[in-house]
*Asks:* 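Dropping a structure here in structure tokens format, bear with me for questions.
The figures that follow rest on heavy atoms only: side chains count, while hydrogens, waters and symmetry mates do not. These figures come from a predicted structure and were not determined experimentally.
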Amino acid sequence: MSINEQEWKEEQLRVDRMTGLLKGHIRALSEELGLHRSDVVELRKDFWEEVTVNFSSPDDLGETSTSLRQQAQVLSERERHHLQSSKALKKYKKLVVSPYFGRIDFTEAPDGETERIYLGIGSLMEDNGTFLIYDWRAPISSLYYDGAPGPAAFETPAGIVSGDMSLKRQFVIDNGTIEVMFDTGVTIGDELLQQVLSHSADDRMKSIVATIQKEQNAIIRNDRSRMLVVQGAAGSGKTSAALQRVAYLLYKYRDNLQADQVLLFSPNPLFNSYVSTVLPELGEDNMQQTTFQMYLEHRLGQEFQLEDVFSQTESLLGSPDGPEADARKEGIAYKSSVAFLDVIRRYATRLETEGMLFKPLMFQGRAIVGKEEMERKFYEYDPSIRLANRIDLMTSWLLKKIAVFSQEERNADWVEDQIDLLDSSEYHRAYQAMRRKQRGKEETFDDFDTEKEMLARYIVSQRLKPLRGWVKRGRFVDANGLYSRLFRDRELLESLNEGAELPEGWDGVSAQTLNSLAGGELAYEDATPFLYLKELSQGFHTNTSIRYVFVDEVQDYSPFQLEFLRRLFPRAKMTVLGDLNQAIYAQGEALGELAGLVSIYGKENTEVVSLTRSYRSTYEIVEFTRSMVPGGERIVPFNRRGEEPLVREVSGSEELLSRVEEDILNLHSRGYHYVAVICKTAGESSRVFDGLKDKLDVQLVTKETPNFQKGTLVLPAYLAKGVEFDAVIIYDGSSKNYGRESERKLFYTACTRAMHVLHIYCLGEPTRFIPVKSVDTGSRVQ
């Protein structure tokens, strides 16, 4: 719908008014913050001068306590006010550049007045409480994302509000000037999306509040489901919608939900950096971010050398076909399955009656308590006591055993030798430690025998301290032995597997597993089952403070890992996002359809949402890539036109490197600032980087890279997940490099990182994953 000159003028006048008000707020808050800052500094400096300190009597002590509390409250209130003012100032500084992006005219039924509602990334009110700009997360704002001119309704805490929407208008405002303005219908207009999507990529994900689509809004505002499953095509905006969802939840539940009660499990540290600015851009503190590998390292890193998923992938991609590689793949598939999850559960149940394994308590080569005695004690407890509770009882029993041993050991010859070897500083530390322990008691160091006894007590206590810690951490349970037994005792495993078939190459799987464990290594596919068994036998570590858990790239998680997360965060609601066509890690195959995740919280607590429209790439790139994967015909490309993907065969490595170098220079000259040279593996990436680094400014991305910068990146395909680039160059898309069926999704993932340009170079014949149909209908093959 066209907008006449007078309407444009009126809208610009309103923007000018809003800009003036915001600038006034900015000036006032800046001055106020300066004063607050000075007050806080002075309060901190003079804190003790304002407190009456007197410990002479109980009354004086009470007066001192009250004085301290009052002064601390004053300081805390000033600091809180300073923080709130700082946040408001940041919000106003963002709004002054672009006060709002949308307007709806709404008349509440039956006889309400028509209200003009303007939407921005934050709210702005007049002194009388009238809203000049509504926060995009406010209940009424959902009309903008979901509604169309005509009858409309929105949900509030007080109930449904119905009425009529007579106008829906979109703006692009920059530095206080309306650059684009148009009226639209059912969805956010294609004009605005075209403008946003045609922009260059960035090293940080941006907020999408101005272009949220109806299906994305349903994800953002969903607060019904215990488990929200989002199956989205590459570039469908699922991750962006999830981050806006976090901002929405922090806004809606701002009185009782803090950012540190929300946790995102992301695919790699690089992705953490990529999404780190979205919430601050919306005026919210960042949520906690981690990776599943980081959690495994936290729990098992001191016991094992842990393999990560990237090393696992490198191993599989680089291994020649054969019995060893087949055994590894079979092992990964089985250990990631629901069947093995059930085996571990049944195993833990059996351990309640038989088979528990322990490590003896050893001190200087002597057993304080042998493992047979520990096993006997463990099964003497009432059988009705749960496994983990029996471990708690065992811990108390073993600590008492250590205490008795400590008393007996004080007269040992080695203790006297250690006393004689104490230097003055060690003696002083021992003396002070024993004085602290004896405070309030009559015992003193007045004679030699007493002093010797005290020093002996101190030395034995210090020597036994690591052993006490070992017991408190439950390390006396032989978790390694328990897990190894499953691969050493086939008869036991088959009984726990309840008749289900073991992998055909089970002997190879067992041998690989036992060899790794014997060498102090834990394969990635073993880490979660091992930790799950350990938790079932020793008691689960749970985190009840986390209220919302987000899992991105969920297709790369096994059922085992997701069940573990459910147990780890028992109070949390979970939002998981994924695309089965990008399941590039071996254990992801065990997940099956994402809809199968209903089993975690039950069908009544789970909602599955599908996003089929792809916005990241041009129409031509989506048409080209969607034929690579099963079900790709359901992916709907957004109608943003661009150039056809290019597929070029080259005769040798030197020519390939030369072509890539030439291509990079050409792409940068055309204004593409973020160019990715995507390789199959880290090894290939390293070789390509070495070939380019002396000629071009390039950055090698590895699994340790914390962030990336503008320019040309060389990286393996699995580290490109979740991010996007202006242009993507696939280094070698030949049938030799991408020939296995298991590599189809890896190739698809690499190609779908491209926003505007996709070039594929091939050392010989192109991979069969490049569809002939797409090539025949226009893709450039040279």
*Asks:* Rounded to the nearest 0.5 Å, how far does CZ of R634 lie from CG of N581?
*Replies:* 8.0 Å
*Asks:* Just so I know, are the side chains of L565 and V551 near enough to count as touching, which here means a heavy-atom distance under 4.5 Å?
*Replies:* yes
*Asks:* Should the pair R626-E633 be classified as a salt bridge under the 4.0 Å nitrogen-to-oxygen rule?
*Replies:* no
*Asks:* For the backbone of P139 and the side chain of S142, can you confirm whether one donor and one acceptor N or O come within less than 3.5 Å of each other?
*Replies:* yes
*Asks:* So, for A717 and L746, which heavy atoms are closest and what is the spacing to 0.1 Å?
*Replies:* CB-CD1, 3.6 Å
*Asks:* Compute both the distance and the angle, then confirm whether R245 meets the cation-pi test with Y248: under 6.0 Å from the six-membered ring centre, within 45 degrees of the axis.
*Replies:* no
*Asks:* Compare every heavy atom of T291 with every heavy atom of P267, then report the nearest pair and how far apart it is.
*Replies:* C-CG2, 4.4 Å
*Asks:* Heavy atoms only: give me the nearest T107-G112 pair and the separation to one decimal.
*Replies:* CG2-O, 3.1 Å
*Asks:* Restricting to non-hydrogen atoms, name the atom on G122 and the atom on I133 that form the minimum distance, rounded to 0.1 Å.
*Replies:* O-CG2, 3.4 Å
*Asks:* Find out whether L167 and P149 are in side-chain contact, i.e. whether some heavy atom of one side chain is under 4.5 Å from a heavy atom of the other.
*Replies:* no
*Asks:* Just checking E604: does its CD atom have more than 12 heavy atoms from other residues, nucleotides or ligands closer to it than 6.0 angstrom?
*Replies:* yes
*Asks:* Assess the residue pair F101 and W136 against the criterion (side chain to side chain contact (heavy atoms under 4.5 Å, CB included)); give the C-alpha distance rounded to whole Å, side-chain angles, the decisive distance to 0.1 Å, and a yes or no.
*Replies:* CA-CA 9 Å; F101 54 80; W136 66 277; 3.9 Å; yes
*Asks:* For the OH atom of Y295 and the CD atom of Q561, what is their distance to the nearest 0.5 Å?
*Replies:* 12.5 Å
*Asks:* Please examine the side chains of K87 and D285, heavy atoms only from C-beta on, and report whether any two atoms are closer than 4.5 Å.
*Replies:* yes
*Asks:* Any donor-acceptor pair under 3.5 Å linking the side chain of S225 with the backbone of L228?
*Replies:* no
*Asks:* Has D556 got a side-chain atom pairing as donor or acceptor with A583's backbone, closer than 3.5 angstrom?
*Replies:* no
*Asks:* Hydrogens and angles aside, do D105 and T114 bring a side-chain donor and acceptor to less than 3.5 Å of each other?
*Replies:* no
*Asks:* I'd like to know if the side chain of K721 reaches the main chain of Q582, judged simply by a donor and an acceptor atom lying under 3.5 Å from each other, with no hydrogens or angles considered.
*Replies:* yes
*Asks:* Ring centres of F769 and Y738 under 6.0 Å apart?
*Replies:* no
*Asks:* If every non-hydrogen atom of A754 is compared with every non-hydrogen atom of L758, which pair is closest and at what distance?
*Replies:* CB-CB, 4.1 Å
*Asks:* For R613 and E215: C-alpha separation, side-chain torsions, deciding distance, then whether salt bridge (charged side-chain N to carboxylate O under 4.0 Å, His left out) applies.
*Replies:* CA-CA 10 Å; R613 200 176 193 199; E215 64 272 19; 6.0 Å; no
*Asks:* Specify the closest pair of heavy atoms between P99 and T19, including all atoms of both residues, with the distance to one decimal.
*Replies:* CG-OG1, 4.2 Å
*Asks:* Looking at CE of M125 and CG of L132, how far apart are the two atoms once the value is rounded to the nearest 0.5 Å?
*Replies:* 9.5 Å
*Asks:* Do other residues, nucleotides or ligands put more than 12 heavy atoms under 6.0 Å from E5 CD?
*Replies:* no
*Asks:* Evaluate salt bridge (charged side-chain N to carboxylate O under 4.0 Å, His left out) for E126 paired with R17, printing each intermediate quantity in order.
*Replies:* CA-CA 12 Å; E126 287 190 290; R17 182 186 166 219; 2.7 Å; yes
*Asks:* Would you confirm whether E620, through its side chain, and G642, through its main-chain N or O, come within 3.5 Å as a donor-acceptor pair?
*Replies:* yes
*Asks:* How many angstroms lie between atom NZ of K91 and atom CG of D135, to the nearest 0.5 angstrom?
*Replies:* 7.5 Å
*Asks:* Quick one: do R103 and E11 satisfy salt bridge (charged side-chain N to carboxylate O under 4.0 Å, His left out)? Show the steps, please.
*Replies:* CA-CA 10 Å; R103 167 188 161 185; E11 291 287 12; 2.5 Å; yes
*Asks:* Just how far is it from atom CZ of R640 to atom OG1 of T618, taken to the nearest 0.5 Å?
*Replies:* 6.0 Å
*Asks:* Judged by modelled atom types alone, do D223 and Y253 share a side-chain donor-acceptor pair under 3.5 Å?
*Replies:* yes
*Asks:* Is it the case that over 12 heavy atoms from other parts of the model lie below 6.0 angstrom from the CD atom of E155?
*Replies:* no
*Asks:* Mark yes or no for whether R254, through its side chain, and Y251, through its backbone, hold a donor-acceptor pair below 3.5 Å.
*Replies:* yes
*Asks:* Mind checking whether F310 and Y718 have parallel, tilted or perpendicular rings, split at 30° and 60°?
*Replies:* parallel
*Asks:* Taking the six-membered ring of F725 (Phe, Tyr or Trp), confirm whether the NZ or CZ of R753 is under 6.0 Å from its centre and within 45° of its axis.
*Replies:* no
*Asks:* Centres of the Y619 and F638 rings: under 6.0 Å?
*Replies:* no
*Asks:* Please check this pair: side chain of S236 against backbone of A233, looking for a donor-acceptor N/O pair closer than 3.5 Å.
*Replies:* yes
*Asks:* After noting the C-alpha distance and the side-chain angles of K238 and E553, does the key distance pass the salt bridge (charged side-chain N to carboxylate O under 4.0 Å, His left out) rule?
*Replies:* CA-CA 10 Å; K238 53 187 178 293; E553 306 293 354; 6.0 Å; no
*Asks:* Looking at K94 and E281, does any basic side-chain N land under 4.0 Å from a carboxylate oxygen?
*Replies:* no
*Asks:* Please tell me if the side chains of V15 and Y100 come closer than 4.5 Å, counting only heavy atoms from C-beta onward.
*Replies:* yes
*Asks:* Compute both the distance and the angle, then confirm whether R14 meets the cation-pi test with Y118: under 6.0 Å from the six-membered ring centre, within 45 degrees of the axis.
*Replies:* yes
*Asks:* Are side-chain heavy atoms of V576 and V230 found at a separation under 4.5 Å?
*Replies:* no
*Asks:* Pairing donors with acceptors under 3.5 angstrom, does anything connect the side chains of D579 and Q555?
*Replies:* no
*Asks:* Indicate yes or no for a side-chain donor-acceptor contact from S614 to the backbone of A234 under 3.5 Å, with no hydrogens or angles considered.
*Replies:* yes
*Asks:* Report the relative orientation of the aromatic rings in H756 and Y672; use parallel for angles under 30°, tilted for 30 to 60°, perpendicular for over 60°.
*Replies:* parallel
*Asks:* Taking V262 as the fixed residue, which of R547, Q288, M287 is the one that meets the side-chain contact (heavy atoms from CB on, under 4.5 Å) rule?
*Replies:* M287
*Asks:* So, R137 and E284, do they make that salt bridge, N to O below 4.0 Å?
*Replies:* yes
*Asks:* Distance-only, no hydrogens or angles: does the T156 side chain make a donor-acceptor pair with backbone N or O of A158 under 3.5 Å?
*Replies:* yes
*Asks:* I'd like to check I26 versus L89 (side-chain heavy atoms, cut-off strictly below 4.5 Å). Are they in contact?
*Replies:* yes
*Asks:* Where the side chain of Q261 meets the backbone of I546, is there a donor-acceptor pair that is under 3.5 Å apart?
*Replies:* no
*Asks:* Can you find a pair of side-chain heavy atoms, one from V675 and one from I729, that are under 4.5 Å apart?
*Replies:* yes
*Asks:* Do S98 and D174 have side chains that approach each other closer than 4.5 Å (heavy atoms only, starting at C-beta)?
*Replies:* no
*Asks:* Using the benzene-type ring in the case of Trp, are the ring centres of F106 and Y144 under 6.0 Å apart?
*Replies:* no
*Asks:* Angle between ring planes, F292 versus F265, binned at 30° and 60°: parallel, tilted or perpendicular?
*Replies:* tilted
*Asks:* Does one side chain, of S266 or D552, offer a donor that lies under 3.5 Å from an acceptor on the other?
*Replies:* no
*Asks:* Closer than 4.0 angstrom, basic N to acidic O: yes or no for D183 and R169?
*Replies:* yes
*Asks:* Verify whether one side chain among Q213 and N217 offers a donor that lies under 3.5 Å from an acceptor in the other.
*Replies:* no
*Asks:* Quick check for you: to the nearest 0.5 Å, what is the distance between T625 atom OG1 and I770 atom CD1?
*Replies:* 11.5 Å
